[in-house]
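First up is the structure itself, then whatever we jot down about it.
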Protein chains: 2
Amino acid sequence: MSRADRERQMLDMAEEVFAERGYRAASMEEIAERCGVSKPMLYEYFGSKDGLLTAAIDRSKAELYEATRAAMDRATTPQDVVWRGMLAYFEFMDAHSRSFAMLLQEPLVATPATGEAIEQTRRQQSGLIAPIIAALAPEMPRPAVEAYTEIIIGACERLAVWRLRHPEVTAHDAARYMTDFTWNAMRHHLQAPVSGPAPAPDVPGSEGSPDDLTGPPHRRS
Amino acid sequence: MSRADRERQMLDMAEEVFAERGYRAASMEEIAERCGVSKPMLYEYFGSKDGLLTAAIDRSKAELYEATRAAMDRATTPQDVVWRGMLAYFEFMDAHSRSFAMLLQEPLVATPATGEAIEQTRRQQSGLIAPIIAALAPEMPRPAVEAYTEIIIGACERLAVWRLRHPEVTAHDAARYMTDFTWNAMRHHLQAPVSGPAPAPDVPGSEGSPDDLTGPPHRRS
DNA sequence: CCAGTAACCTACTCTGAGTAAGTTACCACC
DNA sequence: GGTGGTAACTTACTCAGAGTAGGTTACTGG
């Protein structure tokens, strides 16, 4: 098997096992078995258990990033960027629950003084949101933009975790909560105030329109 | 040494070691040594390494909860509740960096199907915020209140982590970012709209007033 | 047919979680 | 002032699983 294919396979299996058992309970032996190879191979490719987890997380993050970015690219208005980005984010989590379960384990590898590669990923994540805020509110000082960016990322993550225990809340609902929340929070900082209430997706029909949040929020898909 | 004292001591040392080394690298042996006892004692008291971490986290959370609640109790207006709560939260993180480092490790113990006790802690955390939102916006449906609560908690956590790499951002700054953000997000849902811009602390002088966020946000303490 | 090398394996070591089976220290009670 | 009882503690293990040393197969170009 080619090196690249083997690597992909190993990451697939690692993702599976880490998601099923959690980092601690996952054994390198088991991951190796599922790949049909022996343990030292994993060490050859990834150096350590941490290395394997990190690589798997990095890949998932990249996919998530890509999915979100692609969705945002299709948007027309600023509101639409926010809405599509949020929706894509939550839909990705639904579609890739294994990746999601793994992303939750990031603190594991981040907590020692390991932060090197994490730093880069973090910057990538922020890189998606910060420019939007900066564009919408050009007068806002840099630190405030950064802080708001972190606030939004943290909020998304926590809301995604919360959804695990609330399966009745659709990705659509979650995206609406986030969009509504952040949009209202931001609008006082907008340079050229945008009309209308919370941003509505202007994609024709299909996705429904997130009207005012005080209305009943549950619309089962 | 009395059982209660010993337990306290063990939790203190565990907190120290977990914070210094991270969960993985922390060894039960070392924690025991620092307590001047042998390993089986730790197992007698806490059952397992997980148990010890969980107990330590629970204690820290309780302290954080208590500090925040106490601060909120001293508030007069709804805005003031939000402001004081946020400020107390970030100040606690500054003052108890060890607890904080440990709280970050929670996912470790939460990721398997361990969520039982975590659930309770989570509810406690939410219990501080949800009632405020519900009081401010009585028309808001329950699920939306819950979602907003999670959004705010997630935002706070992430902002606290972000501050680790940005020591120039004071607790005061962070509280102001959060207060400004959430207040603006909420005001469109307020039953009886509150006047004024983002909430300002009406504590006489000492703490400074978080005026408009577009102003320079850094005020070194 | 024979290097040379890439992919892979067997068979270990070693650290650290968790435990079994004791030992000491102290107290109540007669 | 010994004696049963028990709480607090220890030594000395087992055992799983991360990580490694050193060899074996299998395919390539010459």
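Labels below follow one simple rule: chain letters A, B, ... track the order of the sequence lines, proteins then strands, and each chain is numbered from 1.
Here A:Ser27 pairs with A:Glu29, A:Glu30 under the side-chain contact (heavy atoms from CB on, under 4.5 Å) rule; sequence neighbours left out.
Every pair tested for salt bridge (charged side-chain N to carboxylate O under 4.0 Å, His left out) that includes a residue from residues 128-138 of chain B fails, sequence neighbours excluded, so the list is empty.
Ion pair B:Glu168/A:Arg142 not flagged as a salt bridge, since none of the NZ, NE, NH1 or NH2 atoms sits closer than 4.0 Å to an Asp/Glu carboxylate oxygen. Taking a cutoff of 4.0 Å between a charged side-chain nitrogen and a carboxylate oxygen, B:Asp73 and B:Arg69 qualify as a salt bridge.
Donor-acceptor pairing under 3.5 Å is lacking for the side chains of A:Glu146 and A:Ser126.
In the helix from C:dC1-D:dG30 to C:dC30-D:dG1, the end axes, each obtained as the rotation axis mapping the C1' atoms of four pairs onto the next four within a five-pair block, lie 0° apart to the nearest 10 degrees.
The main-chain N or O of B:Phe92 is found under 3.5 Å from a side-chain atom of B:His96 such that the two form a donor-acceptor pair.
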Scan the side chains in residues 152-159 of chain A for donor-acceptor partners under 3.5 Å anywhere in the protein, sequence neighbours excluded, and list what turns up.
| from | atom 1 | to | atom 2 | distance (Å) |
| --- | --- | --- | --- | --- |
| A:Glu157 | OE2 | B:Arg158 | NH1 | 3.3 |
| A:Arg158 | NE | B:Glu150 | OE1 | 2.7 |
| A:Arg158 | NH1 | B:Glu157 | OE2 | 3.3 |
| A:Arg158 | NH2 | B:Glu150 | OE1 | 3.4 |

Side-chain atoms of residues 37-46 of chain B: list all donor-acceptor pairs with protein atoms under 3.5 Å, sequence neighbours left out, distances to 0.1 Å.
none

- Message: I need a per-nucleotide contact map over nucleotides 7-19 of chain C, read 5' to 3'. Cutoff is protein heavy atoms under 4.0 Å; write B for the base, S for backbone only, - otherwise.
- Response: SBBB------BBB

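In this structure, B:Glu33 places its CD atom 11 Å from P of D:dT10, rounding to the nearest Å.
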